[in-house]
Amino acid sequence: MSGPNTDYDPVEVTPLQAEQVAAMRDDAVAAFAAARDLDELKLARLDHAGDRSPLALANREIGALPPQARKEAGQRVGEARGAVSRALAERTAVLEAEAEQRMLEEETVDVTLPTGRRRPGSRHPLTLMGDYIADLFVAMGWEVAEGPVLEAEWLNFDALNLGPDHPARTMQDTFWTDPADDHLVLRTHTSPVQARTMLSRTPPIYVICPGRVFRTDPYDATHSPMFHQVEGLVVDEGITMAHLKGTLDHFAQQMFGEGITTRFRPSYFPFTEPSAEVDMVCFVCRGVPGAVEDCRTCRGEGWIEWGGCGVVNPRVLRACGVDSERYRGFAFGMGIDRSFMFRSGAEDLRALLEGDVRFASAFGTDW
Amino acid sequence: MRAPVSWIREYAALPAGLGSAELAAKLTALGLKLESLERPGAEITGPLVIGRVLTMEPEPQKNGKTINWCTVDVGDANGTGDPQGIVCGAHNFAPGDLVVVVLPGGVLPGGFEISARKTYGHVSAGMICSSRELGIGDDHDGIIVLPADAGEPGRDARPVLGLDEEVIEFEINPDRAYALSLRGVAREAAMGFASSYADPCNRPVPAANDDGYPVLVEDPAGCPVFVARTVTGFDATAPSPDWLQRRVRLAGMRPISLAVDVTNYVMLETGRPIHGYDGDRLRGPLVVRRAATGERLTTLDGVDRELSTEDLVVCDDSGAIGLGGVMGGETTEMSDATSTVVIEAAHWDPVSMFRTGKRHRLTSEAGKRNERGVDPTICEMAADRVAELLTTYGGGTVSPGVTVVGTPPTAESIRIGYDLPGAVAGMPIDSETVVADLQAIGCHVERDSDGVDGVGGVTVTPPSWRPDLTDPYDLVEEVVRIVGYDRVPSVVPVPPVGRGLTRDQRLRRRIGRTLAALGCVEVVSFPFVGDEAFGALGLPDDDPRRHTVRLSNPLSTEKPQYTTTLLPGVIEAAGRNLGRGALGVSLFETGTVAIPTDRGPAPIYGVDRRPSTAELEKLFEAIPAQPLHLAAVLSGEHDPAGWWGTGRDADWSDAVEVARELGRELGVAVRVEQAEQMPWHPSRCARLLVAGADRELELGFAGELHPHVCHAHGLPRGSAAVEIDLDVLMSRALDVRPAPEFSLQPVAKEDVALVVDDGVPASVVEAALREGAGELLESIRLFDVYTGPQAGAGKKSLAFALRFRAADRTLTEAEAGAARAAAVASAASAVGAVQR
Ligand SMILES: [Zn+2]
């Protein structure tokens, strides 16, 4: 603080004394600091930084000072006002942040509330399984072939070396259309698609045929008059049983996991010769006896029956117009429903076919 | 086929220590698949011995029962040699009989432990057993009384009862009919373990002569060989020997009488079905012919059958007395009084056997073998074996007459190259192996070279018991299975480049995903329907959907038709879900339906060549059209209420939206118009149309289900459904979509409210606005429909939001206003719309 200045004009204004300006400034800063919210700050601002605030009034009085005193007083008041406005800005920022924080807190929701305003849809697991299998083979360069469910008897049986008196025809109890001499059936396997493919394309043929098939089986936990099959057919030069084995080993691993291989047992299908049943290593106990106590999946045998396969009977090639001297083929077939039940642990086939949304919904829209 | 292991071992000198499980595994690997391995006595442990009843004292009890207090000689088996005191409730025995005794410490099936215990005032030290208690039969009327020569008291009873036997049950594939005999199973077993084999059919037989029972075969194609032998002075009441009964029983057949048991035994042994006639009831010579029109026969199972002219019958002067090779007749059936047996061992045409069995729904052990093919050369031997066994155990003599009519067909030889088995299997198989394996199954093999370097091959004559071997690939299977299927290597083949999924396959997946995204759950239903289902949908009698493909053998007589619509399946599934407590459900199904053609019947062609293109066309035409449909049902709660506000139920619009959304996904504009079609509500039904090449195509229908239909299926009123033809939709799907161009200029928004007559469809008003608004219109959306006093009676007010935008400039207010006015004017002139 400067001491009495005799050079000053006698009308020197008291409020412009350094002590007083400092007090005004300190009052203002204190008032801002005391404001607890933006409303109080607004009032404090009007009191201490508004047009009628002591510093504003003091500022106006500077003009009345003698010229030699103006500079110093102006500087003093200006500094004080600057300090006040800085304090105001700082306090404003603090209080705004506090206010925002309060607002955000007030907007708290219970994020554990349920959010499902829409029921989810899903595709049927058999569709998903069929697509998944198709994709496995498409990835290998195969194509997906299809055919109708109501099929000509000739394509379902005769062309596949199942002549009218073949005992194997009684093995597959067939739905016939009425009248029966229309020679139409509900296909008993997807094999007529093989015949159609050979009739319509020239080798090399690498196709996979998933589809719906029918047999006059009773409807229970493990049988259904309608089920789904997937068949594979390859016709090319130099095809061997080893190729069949390689394909099925790959298929089994893709479906059921690394290390799941297959085993062939001699069997009989009219459309293949040699023919084999395909077993795969049990994917639960991995075929290791005792690894899983009382393995229910394979009943302790270590192997699971999976499907049938074989080298395409040259008679079938001939009936379908394929040069059986030049080309050889292999074919295999397995149940999609059965494979699905293995994979998912479903125990009752009927769950697949009665349309309870709780079943299909469990599987989503893709594998 | 059930094969007792001891019986297999009678013909195959298998290694002594070979276990049955190992034997079964080997045979499975050779193609005779293990079905089950039975050890009838496996559950019985401890002392099970032969006992001789010394005394039996009947003691009436207070409960009305009488028990027998017996003493039984069990030799030294009880450790003392003293008679064993046992209480027995049965009465079918007498002192002196040999019985089966389980002594204390023994355990019977079911974990039933035997100990000495106090009962009925005695200490009963063991039990006299019935066959049921031993788990070898259901006969619980009495205890087992053993034949007098069964053995000394105290000896183990298991061998006598066959309880030490193991039986392998095989699943025999239709091509391996030879394995429906012990002869065949043992041959495979011997081959599998390189053991020596004694063919039970290898026995001398007397030469044919003219003194046998007269036989006339009128149809040698149907019956190439007929052998008849006669046994006279036979005692039909003589029991079958124990060993024979036991084997027959172990093989799964029921012992009946000596004559029946012997024919069954020889069939099991050789595979050759045999028939025995009561010679005293035969009238005149046996004649084999096809049945006459209207001829009838009562077969042994007591069924009176009308015969077909394709059935082979054996006749005598009285007419048909048997369905040849399938089942005998009642009139010449053997009985206890039979003293003369005429034995028939005949070879029958398998196809005829198959047809007759199928026609008459007759399955018999004989028929099963005859239709699959039996060794035609063993008729004489089998008949001789039967005659021998009958006279051995039933007395009498074998007449010297031997009738043999016909000669067995001979097998055609097959030529294969040495290299074929290896080439098919995909692994090296040398020529020596090929020859050895073919010889091992009984083929006669003639080499045309030494097979060095795989050049040349063999001419193979299959053995008489392998009629299934006709083609080179049949021989390949034989060689490869003997080498071992497990030795085939694993090689993934490399196809040429593929083309991925087809357009339709990709579209179908997209459709499924789109529906799932709409909240629909896919279901799979049976495609079988009946008039009841069509009735429940309210389809009129002349509705084309009632014109179906019918099944001749439906599972249920109520559902004998293949469906033309997927609605019954999804509607029923929806009802089921709601019935199980679901508040709402959205289901869809895709699948083919069938539309009958009237171009049948489908031809049956030969299989020695590919049918011509014209023939194939005819074949394909006869198959019903099977378009791919989609049906969806949306019922009950659609959006649930929650803390966010109210929910809503599904309504007609959700069903229409399904079709529209699919159209958007596939790039197909779906036009909607008011329609009437069951099973929809007559005022809330939409016909769905898409533009075709030259005309609009009907895609299907959508809307609210008729209240009657909802009621009939347990659905809430207001439930909605849609069914469309996906083939139509997919055929119009946009394959290549051009990139859209859009303006970055600001948008000008204009709303209009138009009052029109109630009956004017909103789509028509919208089309008129669109037409009038011109090129500047970017989009138009109906955002409100108002009916009420302000709109006027019979009127409705439609509020549209129009958005205008130019490609190159900001639209002025005047430009936007002019476009709006033009749109309104267009609606006014088209449908008399008045601006509100
Ligand atoms: Zn397992």
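Remember, it's a predicted structure, so these values are computed and weren't measured experimentally. Every chain is numbered from 1 and lettered A, B, ... according to where its sequence line falls, protein lines coming before strand lines.
Residue A:A159 touches chain B through its backbone alone, counting heavy-atom pairs closer than 4.5 Å. There is no contact between A:N161 and chain B, counting heavy-atom distances below 4.5 Å. Contact annotation for B:L587: only side-chain heavy atoms (C-beta onward) come within less than 4.5 Å of a heavy atom of chain A. Contacts of B:N553 with chain A are made by both backbone and side-chain atoms, with heavy-atom separations under 4.5 Å. Contact annotation for A:P148: both backbone and side-chain heavy atoms come within less than 4.5 Å of a heavy atom of chain B. With a 4.5 Å cut-off on non-hydrogen atoms, B:L32 does not touch chain A at all. Looking at B:A423, the atoms closer than 4.5 Å to chain A (heavy atoms on both sides) sit in the backbone and in the side chain alike. For chain B, the nearby part of A:E305 is the side chain; its heavy atoms alone come within less than 4.5 Å. Neither the backbone nor the side chain of A:P179 comes within contact range of chain B; no heavy atoms are under 4.5 Å apart. Neither the backbone nor the side chain of A:F359 has a heavy atom closer than 4.5 Å to any heavy atom of chain B. Both the backbone and the side chain of B:I604 have a heavy atom closer than 4.5 Å to some heavy atom of chain A. Heavy atoms closer than 4.5 Å to chain B are found in both the backbone and the side chain of A:V149. If you measure heavy-atom distances from B:P560 to chain A, you find no contacts under 4.5 Å at all. In this structure, the portion of A:F330 lying under 4.5 Å from any heavy atom of chain B is its side chain and not its backbone. For chain A, no part of B:T597 is nearby; none of its heavy atoms comes within less than 4.5 Å. Proximity to chain A is limited to the side chain of B:V480, based on heavy atoms less than 4.5 angstrom apart. Contacts between B:A517 and chain A at a heavy-atom distance below 4.5 Å involve the backbone alone (N, CA, C, O). Contact annotation for A:F214: only side-chain heavy atoms (C-beta onward) come within less than 4.5 Å of a heavy atom of chain B. Of the atoms belonging to B:E589, it is side-chain heavy atoms, and not backbone ones, that fall under 4.5 Å from chain A. Looking at B:L475, there are no atoms closer than 4.5 Å to chain A (heavy atoms on both sides), in backbone or side chain. At a 4.5 Å heavy-atom cutoff, the contact between A:L155 and chain B is made by side-chain atoms alone. When heavy atoms are compared at a cutoff of 4.5 Å, B:V494 approaches chain A solely by way of its backbone atoms N, CA, C and O. There is no contact between A:I205 and chain B, counting heavy-atom distances below 4.5 Å.
Taking the six-membered ring where the residue is Trp, B:F528 and A:F175 present tilted rings, their angle falling between 30° and 60°.
The pair A:E354-B:R576 does not count as a salt bridge, with every side-chain nitrogen at least 4.0 angstrom from each carboxylate oxygen. Taking the charged nitrogens against the carboxylate oxygens, A:R315 and B:D471 do have a contact shorter than 4.0 Å, which makes a salt bridge. Ion pairing of B:R509 with A:D131 is present here, as a side-chain N (NZ or NE/NH1/NH2) and a carboxylate O approach within less than 4.0 Å. Ionic pairing of A:D356 and B:R580 is present here: one or more N-O contacts between side-chain nitrogen and carboxylate oxygen are shorter than 4.0 angstrom.
Side-chain atoms of B:E522 and A:S122 include no donor-acceptor pair closer than 3.5 Å. With 3.5 Å as the limit, one finds a donor-acceptor pair spanning the side chains of A:R119 and B:S586.
A distance of 8.5 Å separates CG of B:N173 from OG of A:S275, quoted to the nearest 0.5 Å. Taking OG of B:S490 as the reference point, atom CZ of A:F264 lies at 8.0 Å (rounded to 0.5 Å).
Put simply, the side chain of B:V607 does not reach to within 4.5 Å of the side chain of A:R318, judged on heavy atoms.
Side chain of A:E273 to backbone of B:E477: no donor-acceptor contact under 3.5 angstrom is found. With hydrogens and angles ignored, the 3.5 Å screen pairs no side-chain donor or acceptor of A:D178 with any backbone N or O of B:V549. With hydrogens and angles ignored, the 3.5 Å screen pairs a side-chain donor or acceptor of B:R610 with a backbone N or O of A:L199. In this structure, A:W176 contributes its side chain and B:S552 its backbone to no donor-acceptor pair below 3.5 Å.
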